[in-house]
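Naming: A, B, ... by sequence-line order, numbering from 1 per chain. Note that the structure is predicted; figures quoted are calculated from it, not measured. The basis for the numbers below is simple: all heavy atoms, side chains too, and nothing from hydrogens, waters or symmetry mates.
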Amino acid sequence: MKIKAQVAMVMHLDKCIGCHTCSVTCKTTWTNRPGTEYMWFNNVETRPGPGYPKQWEDQNRYKGGWEYSNGKLRLRAGGPLSKLKNIFYNPDMETLDDYYEPWTYDYQNLINREKGDSLPVARPKSMITGKYIDKPEWGSNWDDDLAGGSEVVPMDPNVEKLQEHIAMEYEKTFMMYLPRICEHCLNPSCVASCPSGALYKRDEDGVVLVDQEECRGWRFCMNGCPYNKVYYNWNTHKAEKCNFCYPRTEAGLPTICSETCVGRIRYIGVVLYDADKVKEAASVEDPQDLYQAQLDCFLDPFDEDVIAKAKEEGINDEWIKGAQESPIYKMAIKWKIALPLHPEYRTLPMVWYVPPLSPIMNHITNEEELNTDGYIPAIDQMRIPVEYLASLLSAGDTKVIRKVLLKLTAMRVHMRQKTVGGIDPLKESDLLRGAGMTEEEIEDMANLLGVAKYKDRFVIPTGRREMHGDLHYKQGACSLEDLAPPEGMVTYPFERGS
Amino acid sequence: MIDIFLWVVFPYITLTIMIVGCIYRFAFRQKTWTAPSTEFFEKKWLRIGSPLFHYGILLAVIGHVMGLVIPLQFYQAIGVTDHLYHIGAIYGGGLAGLMVVAGAVILLIRKATVDRVRIHATFADFFSVIALIIVAGIGTYMTIVYNTTVEAYEYRTTIGPWFRSIFTFQPQYQLMTEVPVIFKIHVIASFGLFASIPFTHLVHIYSVPIHYLARAPQQYRSRAGYQHRRDYK
């Protein structure tokens with residue numbers, strides 16, 4: 001047993017209002033430099049939809065993640081030999097057009113244009129070439145709130161997989177938001193794809209980082225990551241990615257996306273896991289067993305043996321306490337209401353999601369007269385969302401999704417009965433049995449999902465930087481230092497000449 | 001006098017610039033040390049040009065090792081006649097040269113005509129490609145045209161020993177005096193190109209990730225000693 005600590009995140013999708021505040025604060029913190037305009041370490045997608053970059057889930061095209069064949073776990077895009085062979089041209093790599101061409105507006109024209117008969121306009125201008133774009137055609141959230149409708153929705157690889165027609169009529173349609181950051185996987189395929197060995201997973205907190213010195217710009221990480229969350233900076237010719245705001249988490253603060261989340265959908269905490277089990281867990285034959293296999297990697301932070309072993313590995317008391325109070329531990333492991341995004345990629349992702357109940361519950365029309373068990377068919381009736389959610393969160397296993405939705409429904413009904421009344425008590429109902437939870441647990445869950453305060457949502461032990469011997473030397477050191485232009489001095493290569 | 005400058009002083013100056021420059025850049029400016037890929041902007045022409053150019057260069061390097069580093073006596077010892085060697089050199093070298101020149105020309109045209117690529121290309125980027133086309137162009141001309149129309153020049157008794165003598169620090173510049181002019185230009189241009197390496201993205205030729213074949217897929221590093229990589233299975 002080799003115990004490691006991982007800082008992980010859960011997002012409660014029911015609470016996401018799709019406001020993109022997380023994306024914007026992340027952008028202004030990390031990717032507001034030349035070469036990074038198109039990068040969104042955090043982005044929010046409307047589902048069903050193609051996402052960002054377009055159709056990132058289509059692994060037949062990008063060849064991301066791992067595959068298990070002939071008893072061996074290997075990179076879908078090919079191992080080291082085939083990578084060296086393709087190093088001069090990577091057929092699977094995405095291009096700028098798979099994301100979008102970032103643009104700004106010619107605001108100066110609003111001020112400087114000579115007086116005329118028409119109103120001055122600010123024309124869109126490419127941030128790559130500096131030329132005017134007559135008609136921007138795609139952006140990072142171009143399909144926000146199902147914009148583009150019946151033309152854009154079928155581009156969703158999950159919809160294609162369902163082989164069922166998703167109703168696009170106004171009354172029957174459904175949508176949900178999916179905020180995405182780097183998954184900081186236990187078995188990261190970007191790390192394994194890097195020929196230079198510049199990508200690594202940090203021992204202390206499991207954050208996956210790019211060494212900006214060692215990166216040589218071979219770009220296999222870009223499509224090697226099945227979530228397409230490693231980006232190529234065309235200005236520095238190096239890879240960049242979400243770093244889980246480690247300068248913040250090391251100080252005990254949540255990531256900037258979580259800090260500023262309006263719906264308070266994000267939870268951060270520590271999970272202890274057995275690093276020796278990771279490869280085995282990623283190598284189970286049936287993709288639908290990957291969820292359980294990953295759960296089996298996690299360790300009980302209350303177990304005496306685990307605590308003793310963790311201390312041996314150098315995990316301090318603060319981190320063990322953090323693991324015990326971790327909201328992630330509760331949601332993902334104890335109550336099992338959070339699920340990994342696309343476990344079938346075999347990377348064992350560590351940003352998990354509580355599936356949304358709303359598109360299903362909104363379908364209930366006669367809630368006034370409903371008894372407790374009347375909610376059960378509601379979950380099963382709207383088949384497409386359950387299957388759709390299963391395609392996102394459980395490798396297509398609808399039983400897993402149904403179980404989570406039953407738990408969330410039981411919580412909703414129980415809290416309604418408790419605060420409003422008018423429904424028969426949950427105690428003896430099939431709903432509670434189906435959910436497999438006690439009333440006490442359900443109330444705990446309602447508390448964490450509904451009313452939890454800052455300190456309950458973010459349980460982040462600090463990085464104990466003060467313990468380092470060379471603290472003075474490290475002061476102010478940051479991976480992006482001297483890649484970022486001085487404040488207020490953003491110049492683009494195409495502007496330097498003039 | 002001019003011979004001493006061209007075949008002793010100049011090679012040492014250029015090699016020193018290359019070695020010291022690369023060490024300096026690696027040690028103090030490693031954040032600028034990359035392969036300058038523009039595949040992210042354009043991949044249709046790159047698909048043809050880049051593999052053609054790079055595989056051509058690899059073949060050409062092998063060819064130069066065979067012609068300059070391996071002594072003539074070795075070929076005689078294993079029974080490769082001069083005639084046989086030159087046939088191999090002309091066909092193999094000619095193919096490599098054509099690949100390099102064709103690939104580089106495609107890449108240059110792409111660099112100059114695709115907006116997204118051109119606007120971000122620096123002087124150094126254009127310089128490397130044009131310099132490579134000149135050096136490789138002359139080399140290909142020597143291999144294919146000069147060797148077949150004028151004479152199959154035996155550089156293994158002149159340029160080869162001179163090249164090796166540079167690295168034993170006993171430069172025999174006399175060997176170079178009688179070499180045909182076109183070969184002299186090729187050698188001088190090449191050394192000039194070597195000197196430019198630390199100032200361009202050509203530094204990536206020293207970063208061939210061979211160690212990737214041997215290392216464990218997952219890499220872990222600790223926060224304190226993050227520069228020390230570690231395999232973990």
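For the pair A/Lys85 and B/Tyr55, the cation does not sit on the ring face, since its NZ or CZ is not both under 6.0 Å from the ring centre and inside 45° of the axis.
Ranking A/Cys215, A/Gly79, A/Ser193, A/Gly206 against chain B, the residue ahead of the rest is A/Ser193, based on heavy-atom pairs under 4.5 Å. Here A/Pro80 is the residue among A/Pro188, A/Gly217, A/Pro80 with the most heavy-atom pairs under 4.5 Å with chain B.
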Evaluation steps, side chain to side chain contact (heavy atoms under 4.5 Å, CB included), between B/Phe41 and A/Trp234: CA-CA 9 Å; B/Phe41 286 146; A/Trp234 51 256; 3.3 Å; yes
ring-ring contact (aromatic ring centres under 6.0 Å, His included) between B/Tyr212 and A/Phe220: does it pass, once the steps are laid out? CA-CA 12 Å; B/Tyr212 183 38; A/Phe220 288 113; 7.7 Å; no
Would A/Lys83 and B/Leu213 count as a side chain to side chain contact (heavy atoms under 4.5 Å, CB included) here? Give the steps. CA-CA 10 Å; A/Lys83 285 212 165 38; B/Leu213 296 172; over 6 Å; no
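Side-chain contact check for B/Ser207 and A/Arg216: at least one donor-acceptor pair (N or O, by modelled atom type) lies under 3.5 Å. In summary, the side chains of B/Glu39 and A/Asn90 do not present any donor paired with an acceptor at a separation below 3.5 Å, with no hydrogens or angles considered.
Judged by distance alone, with hydrogens and angles left aside, the side-chain atoms of B/His120 form a donor-acceptor pair with the main-chain N or O of A/Ile128 at under 3.5 Å.
Using a cut-off of 4.0 Å between Lys/Arg side-chain N and Asp/Glu carboxylate O, A/Glu214 and B/Lys31 are scored as not salt-bridged. A salt bridge between B/Arg221 and A/Asp203 is absent, with no side-chain N of the basic residue lying under 4.0 Å from a carboxylate O of the acidic one.
A/Val191 approaches B/Arg215 most closely through the heavy-atom pair O-NH2, 2.9 Å. Considering all non-hydrogen atoms of both residues, A/Lys238 and B/Trp33 come closest at NZ-O, 3.4 Å.
Only the backbone of A/Glu94 has a heavy atom closer than 4.5 Å to any heavy atom of chain B. Interface residue A/Leu186: only backbone heavy atoms are found under 4.5 Å from chain B. Only the side chain of B/Phe26 has a heavy atom closer than 4.5 Å to any heavy atom of chain A. For A/Arg202, the parts sitting under 4.5 Å from any heavy atom of chain B are the backbone and the side chain alike. For chain B, no part of A/Leu209 is nearby; none of its heavy atoms comes within less than 4.5 Å.
Ring pair B/His204/A/Trp218 is perpendicular by interplanar angle, where above 60° counts as perpendicular and below 30° as parallel.
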